[in-house]
Amino acid sequence: MGTKKLYRNMRLFTPVDGGRPLAGKEQANVKEIKKAAMLVAGGIIEKIGEEDEILKNVCPCEVALEKDFGGACVVPGFVDPHTHMCFAKRREDEFGMRLAGLPYLEILARGGGILSSVNAVKAATEDQLFETTKKLALSALAKGTTTVEIKSGYGLELGLELKMLEVIGRVGRETPLDVVPTFMGAHAVPQEYKGRADEFVDEVLVKQMLPKVKEQGIAEFCDVFCEEGVFSVEQSRRLLKAAKEMGFDTKIHADEVNDLGGAGLAAELATRSAEHLLAASEENLRAMGKAGSIAVLLPATAYSLKKPYARGRDMVDWGVPVAMATDCNPGSCFCESMPFIFGLGVMCMDLSVEEALTATTLNAAYALNRAKKLGSLEAGKQADFLVLDGETPTALAYHAGATSIEEVYKLGERVA
Ligand SMILES: [Zn+2]
């Protein structure tokens, strides 16, 4: 009885997991096997390596050939560790205003910005919100994303935040994707707490929302938008410390526009990751590297806002483990395509192809605390992988505007 699935004749490229995020020179630690085979049982890789070796050591009686890839290039499924793809309404009109040169405050005055997404989430039924989120998640899957993080944060009040987290959980249950839910009630200061952000943090987020979210067990991470005019470093510290004490894993939107010291806070609290980091100082970034906090870079946001890119090259050289994500959201970055992110990483942040592959797979899995199961193609991990149109992962940057994704496998099953 062939109970194990055999996949053969693959040109395999995978980062090599050494038990921690890959940083510095190790970020390029990608192994190539020109003719690889993989044995999969119950969706988990049992053996992977040189085809000759694998075939020599396995009895034909216990395996069934699932697929011969004819020498095609195979890489791990992408892990997208930062999205806000749970939203009810697109903001295309607002993008148009931005292109026409309208300042953000004017856009806000015309009803745009995060608060317009809050109103849309309020107006949508749970089913409607689920349908729009599922559609985006499946689009990401077709482009090679096999695991995605999705944040709440367009609710800003308990009931709506829980509604978003419910929907996010449902996307995980009703699509092939692994979904990691993040509570981000600290995405903006709600209108009614204008000028009273301290009170919103201490009385609402810490005392009311975090305990409820914890009690329902519907979020793993707690995230905060630490930025001028949103939440200060001190407010972010209080929130993240409280979240850690309640057992949440932590992330922080840090130093996107101004160097407030969010990256320094990430190092101080050893948050799992810090995101954006366009304005972060070298000192604080190096401190993040020492603390093992992962820099999650979001190049499509810089693209979409016509801003300079984060210093990805420097960060790798400074020993900070770098991951990349889409930041998919209706305002600053409507993009769910990891191949596009891959291309921007290579072309606009000067990462090598190997570093970009690690950034979009293994380090991204570490940023979601999923590296034990995901992020590289090695024994004991899930058989989540992509077949590329191209000889090597270079195709992902080389073939501009294409995704180069031919086939997508989750737990050994073809899903796109
Ligand atoms: Zn974000």
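Because the structure is a prediction, the values reported are computed rather than measured. By convention here, the first residue in the shown sequence is residue 1. In what follows, every heavy atom counts, from backbone to side chain, and hydrogens, waters and symmetry copies are set aside. Counting starts at 1 for both ligands and their atoms, following the listed order.
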Q. What is the name of the N/O/S atom in His253 that sits closest to the Zn ion (ligand 1)?
A.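 Checking each N, O and S atom of His253, the shortest distance to the Zn ion (ligand 1) belongs to NE2.
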Q) So what does the His84 NE2 - the Zn ion (ligand 1) - Asp327 OD1 angle come to, to 10°? A)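 Roughly 90°, rounded to 10°.
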Q. Does Arg20 CZ have over 12 foreign heavy atoms under 6.0 Å away?
A. no
Would you call [X] and [Y] a salt bridge, taking side-chain N to carboxylate O under 4.0 Å as the test?
X	Y	value
Glu355	Arg313	yes
Asp93	Arg110	no
Lys4	Glu46	yes

**Q.** the Zn ion (ligand 1) to nearest N/O/S of His276 less than 2.8 Å
**A.** no
